Amino acid sequence: MDIGEDRVIALVDMDCFYVQVEQRINPELKNKPCVVAQYKTWKGGGIIAVSYEARAHGVSRNMWADDARKLCPDLQVARVREAHGKADLTPYREASVEVIEVMSRFAVIERASIDEAYMDLTGSVQDRLKHMSVQDITPQQLKSTYTQGFPQTSTSDPSEDARRLRGLQQWLERLSSSGQSSRAELCLTVGALIVEEMRAAVEEHTGFRCSAGISHNKVLAKLACGLNKPNHQTVLPLGSVPELFSTLPIRKIRNLGGKLGTSVKETLGVENIGDLTQFSKVQLEQHFGEKTG
DNA sequence: CATTACATTCCA
DNA sequence: TGGAATGTA
Ligand SMILES: Nc1ncnc2c1ncn2[C@H]1C[C@H](O)[C@@H](COP(=O)(O)OP(=O)(O)OP(=O)(O)O)O1
Ligand SMILES: [Mn+2]
Ligand SMILES: [Mn+2]
């Protein structure tokens with residue numbers, strides 16, 4: 001049977017990347033509400049990257065720096081350097097190369113943008129599984145991993161990380177008690193081990209933090225990556241997809257953020273990705289090659 | 001007044 | 001085959 005996909009795919013995306021690059025150049029900016037803006041003259045410049053401290057004040061991309069300062073009075077504004085009257089993105093490009101070089105020691109990397117890359121870990125996972133089993137996996141090896149859909153029960157936890165850990169423990173317990181049927185889930189978990197090591201190496205060698213998603217295809221990996229930013233990674237097993245999709249706006253799926261997504265929504269009269277499962281493949285709008293549901 | 005950059009697909 | 005449209009970072 002060829003139901004889901006058996007591959008293990010990861011997507012690693014740097015957290016507020018240009019901000020981290022500027023913070024490494026000027027350490028005074030670290031741990032502060034901070035943005036990167038370009039073109040100073042008009043309203044203080046347009047913001048293209050925002051630290052998580054600044055996001056807590058409501059600052060976002062596309063804002064003018066002058067407007068952002070109204071929301072966050074002690075906002076630090078780093079500026080994109082200019083060369084020949086044009087924005088000079090060289091420092092960010094070079095930082096990107098540093099990151100890719102570290103990641104390439106772990107897997108074959110497919111660069112998807114200046115701050116993110118996909119990788120197929122299927123082979124590496126199979127190799128590791130020859131020398132290990134479920135019992136060898138501990139929560140300590142997955143310190144920054146969320147397992148989407150877990151914990152399944154809702155008790156009150158003392159902290160967000162306690163909740164994460166409870167979910168992870170439930171997940172590992174289920175893995176070891178459900179025999180062979182959860183081979184795909186085991187592969188994702190081993191993939192998460194590899195990605196934990198990769199992300200630690202990236203931080204050690206570049207100083208930059210990132211988040212990651214681990215799932216069975218690129219669309220799901222990208223989606224998973226965004227679920228627990230910053231500085232965390234998320235495993236998205238196939239079994240957790242229906243619940244996630246049931247409340248997920250169509251525009252959140254890669255390639256459906258624009259006019260196509262809006263037209264799908266309006267033509268079929270649906271809001272969430274999960275609503276699309278009631279339609280068959282026959283009703284493809286001469287524009288679909290990629291899906292997941 | 002967003003800006004800059006890049007990939008893919010469509011189509012004359 | 002190259003410019004326009006689309007989508008994303
Ligand atoms: N519209 C844009 N115009 C110019 N530069 C952009 C734009 N969007 C993103 N960038 C640049 C700045 C970002 O730091 C970098 C990576 O983008 P992206 O991954 O979407 O956000 P981010 O890394 O700043 O935050 P996050 O933590 O949410 O990933 O690319
Ligand atoms: Mn990013
Ligand atoms: Mn990105």
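Note that the structure is predicted; figures quoted are calculated from it, not measured. Residue numbers begin at 1 in each chain, while the letters A, B, ... track the order of the sequences.
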Peer 1: Just to be sure I understand: a Watson-Crick pair is purine N1 to pyrimidine N3 plus N6-O4 or O6-N4, both under 3.5 Å. Using that and G-U wobbles, which stems of three or more pairs involve DNA chain B?
Peer 2: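 In DNA chain B, stems of three or more pairs: B:4-12 with C:1-9.
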Peer 1: Counting only non-hydrogen atoms, which of residues 107-119 of chain A are less than 4.0 Å from DNA chain C?
Peer 2: A/Ser113, A/Asp115, A/Glu116
Peer 1: By ring pair (Phe, Tyr, Trp, His ring centres under 6.0 Å), which residues pair with A/Tyr118, not counting sequence neighbours?
Peer 2: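 Checked A/Tyr118 against ring pair (Phe, Tyr, Trp, His ring centres under 6.0 Å); zero matches.
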Peer 1: Among Ile, Leu, Val, Met, Phe, Trp and Tyr joined by side-chain contacts under 4.5 Å, find the other residues sharing a cluster with A/Trp42 and list them by chain and number.
Peer 2: A/Trp64
Peer 1: What are the residues of residues 33-42 of chain A, sorted by number, that bring a heavy atom to within less than 4.0 Å of DNA chain B?
Peer 2: A/Gln38, A/Tyr39, A/Trp42
Peer 1: Please enumerate all residues that pass ring pair (Phe, Tyr, Trp, His ring centres under 6.0 Å) together with A/His232, with sequence neighbours excluded.
Peer 2: A/Tyr146
Peer 1: Sequence neighbours excluded and cut-off under 3.5 Å, please list the side-chain donor-acceptor pairs for residues 12-19 of chain A, or say none.
Peer 2:
from, atom 1, to, atom 2, distance (Å)
A/Asp13, OD1, A/Lys229, NZ, 3.2
A/Asp15, OD1, A/Ser211, OG, 2.9
A/Asp15, OD1, A/Lys229, NZ, 2.8
A/Asp15, OD2, A/Asn231, N, 2.8

Peer 1: May I ask you to say whether A/Lys32 pairs ionically with A/Glu53, meaning some side-chain N is under 4.0 Å from a carboxylate O?
Peer 2: no
Peer 1: With sugar-phosphate meaning primed atoms plus P, OP1 and OP2, does A/Ile47 contact a base, only sugar-phosphate, or nothing at under 4.0 Å between heavy atoms?
Peer 2: base
Peer 1: Assess whether side-chain hydrogen bond (donor to acceptor under 3.5 Å, both in side chains) is satisfied between A/Thr155 and A/Arg166, documenting all intermediate values.
Peer 2: CA-CA 10 Å; A/Thr155 58; A/Arg166 196 159 60 83; 3.1 Å; yes
Peer 1: How would you list, by chain and number, every residue that makes a ring pair (Phe, Tyr, Trp, His ring centres under 6.0 Å) with A/Phe106, sequence neighbours excluded?
Peer 2: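 With neighbours one apart ignored, the set is empty.
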Peer 1: Base, sugar-phosphate, or nothing: which does A/Leu256 touch, judged by heavy atoms less than 4.0 Å apart?
Peer 2: sugar-phosphate
Peer 1: Answer yes if the side chains of A/Ser60 and A/Arg55 hold a donor-acceptor pair under 3.5 Å, and no otherwise.
Peer 2: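 Their side chains do not contain a donor-acceptor pair, so the 3.5 Å distance test is not met.
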Peer 1: Find out whether A/Lys30 and A/Gln23 are in side-chain contact, i.e. whether some heavy atom of one side chain is under 4.5 Å from a heavy atom of the other.
Peer 2: yes
Peer 1: Would you list the pairs meeting side-chain hydrogen bond (donor to acceptor under 3.5 Å, both in side chains) in which at least one residue belongs to residues 98-110 of chain A, sequence neighbours left out?
Peer 2: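 side-chain hydrogen bond (donor to acceptor under 3.5 Å, both in side chains) check on residues 98-110 of chain A returns A/Arg24-A/Glu98, A/Glu110-A/Lys218.
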Peer 1: If you measure from the Lys or Arg side-chain nitrogens to the Asp or Glu carboxylate oxygens, is any gap between A/Glu197 and A/Arg128 under 4.0 Å?
Peer 2: yes
Peer 1: Are side-chain N/O atoms of A/Gln233 and A/Thr145 paired as donor and acceptor at under 3.5 Å?
Peer 2: yes
Peer 1: Does A/Met63 sit in a hydrophobic cluster with other residues, and if so which ones, taking ILVMFWY side chains as linked at heavy-atom separations under 4.5 Å, directly or through other members?
Peer 2: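 Listed partners: A/Val35, A/Ile47, A/Val50, A/Val59, A/Leu71, A/Leu75, A/Val77.
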Peer 1: Under 4.0 Å between a Lys/Arg side-chain N and an Asp/Glu carboxylate O for A/Lys222 and A/Glu116?
Peer 2: yes
Peer 1: Taking only Lys NZ, Arg NE, NH1 and NH2, and the carboxylate oxygens of Asp or Glu, determine whether A/Glu82 and A/Lys40 approach each other closer than 4.0 Å.
Peer 2: no
Peer 1: Which of residues 65-94 of chain A have a heavy atom under 4.0 Å from DNA chain C?
Peer 2: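 Output list: empty, so none.
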Peer 1: Nucleotide range of DNA chain C contacted by chain A, 5' to 3', under 4.0 Å to a heavy atom?
Peer 2: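 From 5' to 3', the first and last contacting nucleotides are C/dT6 to C/dA9.
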